[in-house]
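Report on one structure; see the data block that follows.
For the numbers below, each heavy atom of this structure counts, side chains included, while hydrogens, waters and symmetry mates do not. What you see is a predicted model, and the numbers here were worked out from it, not measured in a lab.
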Amino acid sequence: MPDTAQLDISDMRAAAGEATAALRSLAHEDRLLLLCQISQGERCVSDLQAELDMQQPMLSQQLGVLRRAGLVSTRREGKRIYYRVTDPRILALLQTLYEHYCPQ
């Protein structure tokens, strides 16, 4: 961990704002489940719906939140839209959560 005395408080405040925004996005069970699935590889909506047994309207709403937060990005292939995690820091955070909370 870096020496906080050496860090500029405005840089720390900006980083704290970014971190709390990311954590807010993760602090919803459905979004966390979605990110866990997407972190394993690109997924389309129909795959996510089947894997998580989630209704399409809720799935779309939560994917929209993740997209607006900049945590996932999309690509279109025909009629399908594929989602992937865009931020490597989120992948690292998900890995830590997995190690501490998911059954081994």
Side-chain angles (χ1 to χ4, degrees):
M1 186 159 215
D3 179 9
T4 55
Q6 300 296 319
L7 295 176
D8 181 285
I9 191 67
S10 62
D11 291 340
M12 287 177 63
R13 189 170 302 282
E18 235 182 297
T20 56
L23 291 171
R24 226 177 279 118
S25 295
L26 292 174
H28 185 283
E29 189 175 318
D30 289 332
R31 287 194 296 265
L32 186 56
L33 287 169
L34 282 166
L35 282 169
C36 286
Q37 289 303 110
I38 297 169
S39 72
Q40 302 303 306
E42 209 175 52
R43 297 285 201 286
C44 70
V45 173
S46 59
D47 291 343
L48 290 167
Q49 191 173 0
E51 291 167 358
L52 297 173
D53 191 32
M54 194 180 291
Q55 296 298 315
Q56 197 277 329
M58 175 62 89
L59 181 65
S60 293
Q61 179 184 19
Q62 299 310 324
L63 286 169
V65 170
L66 294 172
R67 199 173 47 249
R68 286 187 298 278
L71 302 183
V72 298
S73 61
T74 61
R75 75 173 175 86
R76 181 179 289 277
E77 189 174 295
K79 291 185 177 185
R80 292 181 181 240
I81 297 176
Y82 289 86
Y83 289 82
R84 65 185 168 282
V85 177
T86 54
D87 189 337
R89 297 172 301 179
I90 295 300
L91 288 173
L93 189 53
L94 289 169
Q95 181 62 39
T96 299
L97 289 171
Y98 180 83
E99 290 167 5
H100 289 283
Y101 292 100
C102 293
Q104 298 299 319

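Annotation: side chain of L93 is not in contact with side chain of D87 (no heavy-atom distance under 4.5 Å). The side-chain heavy atoms of T96 and H100, taken from C-beta on, include a pair separated by under 4.5 Å. A 4.5 Å side-chain heavy-atom check between R24 and T20 finds at least one atom pair inside the cut-off.
Cluster annotation: L91 and L71 are assigned to the same hydrophobic cluster (Ile/Leu/Val/Met/Phe/Trp/Tyr, side-chain heavy-atom contacts under 4.5 Å, transitive). By the criterion of side-chain heavy atoms lying less than 4.5 angstrom apart, applied directly or through intervening Ile, Leu, Val, Met, Phe, Trp or Tyr residues, L33 is not grouped with Y82; the two fall into different hydrophobic clusters.
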Exercise. Which is it for V85 and L35 under the side chain to side chain contact (heavy atoms under 4.5 Å, CB included) test, yes or no, and what are the steps along the way?
Worked result: CA-CA 7 Å; V85 177; L35 282 169; 4.1 Å; yes

For this session: Just do the side chain to side chain contact (heavy atoms under 4.5 Å, CB included) check on D30 and M58 with the steps written out, would you?
Result: CA-CA 9 Å; D30 289 332; M58 175 62 89; 3.7 Å; yes

Exercise. Between I90 and V72, is a side chain to side chain contact (heavy atoms under 4.5 Å, CB included) present by the stated rule, with each step listed?
Worked result: CA-CA 10 Å; I90 295 300; V72 298; over 6 Å; no

Report all side-chain donor-acceptor pairs from residues 61-69 shorter than 3.5 Å, counting only partners two or more places apart or in another chain.
| residue | atom | partner | partner atom | Å |
| --- | --- | --- | --- | --- |
| Q62 | OE1 | R31 | NH1 | 2.8 |
| R67 | NH1 | Y83 | OH | 3.0 |
| R68 | NH1 | G64 | O | 3.4 |

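Of the inter-residue distances, the one linking D8 atom CG with R13 atom CZ reads 10.5 Å to the nearest 0.5 angstrom. We find the CZ-OG distance between R84 and S39 to be 14.5 Å, quoted to the nearest 0.5 Å. Distance check: R75 CZ to C44 SG gives 9.5 Å after rounding to the nearest 0.5 Å. Taken from CG in L26 to NE2 in H28, the straight-line distance is 12.0 Å, to the nearest 0.5 Å. Between atom CD of residue E51 and atom SG of residue C36 there is a gap of 12.0 Å, rounded to the nearest 0.5 Å.
The shortest heavy-atom contact between G70 and T86 is O-OG1, 2.9 Å. In this structure, S60 and Q56 approach most closely via the heavy-atom pair OG-NE2, 2.5 Å. Residues M54 and Q49 share a closest heavy-atom pair of O-CG, 3.1 Å. Heavy atoms only, all atoms of each residue included: R43 and I38 are closest at CG-CA, 4.4 Å.
Residue R80 places its CZ atom among 12 or fewer non-hydrogen atoms of other residues, nucleotides or ligands, all under 6.0 Å distant. Surrounding CD of E29 are at most 12 heavy atoms belonging to other residues, nucleotides or ligands under 6.0 Å away.
For I9, the side chain to side chain contact (heavy atoms under 4.5 Å, CB included) partners are M12, not counting sequence neighbours.
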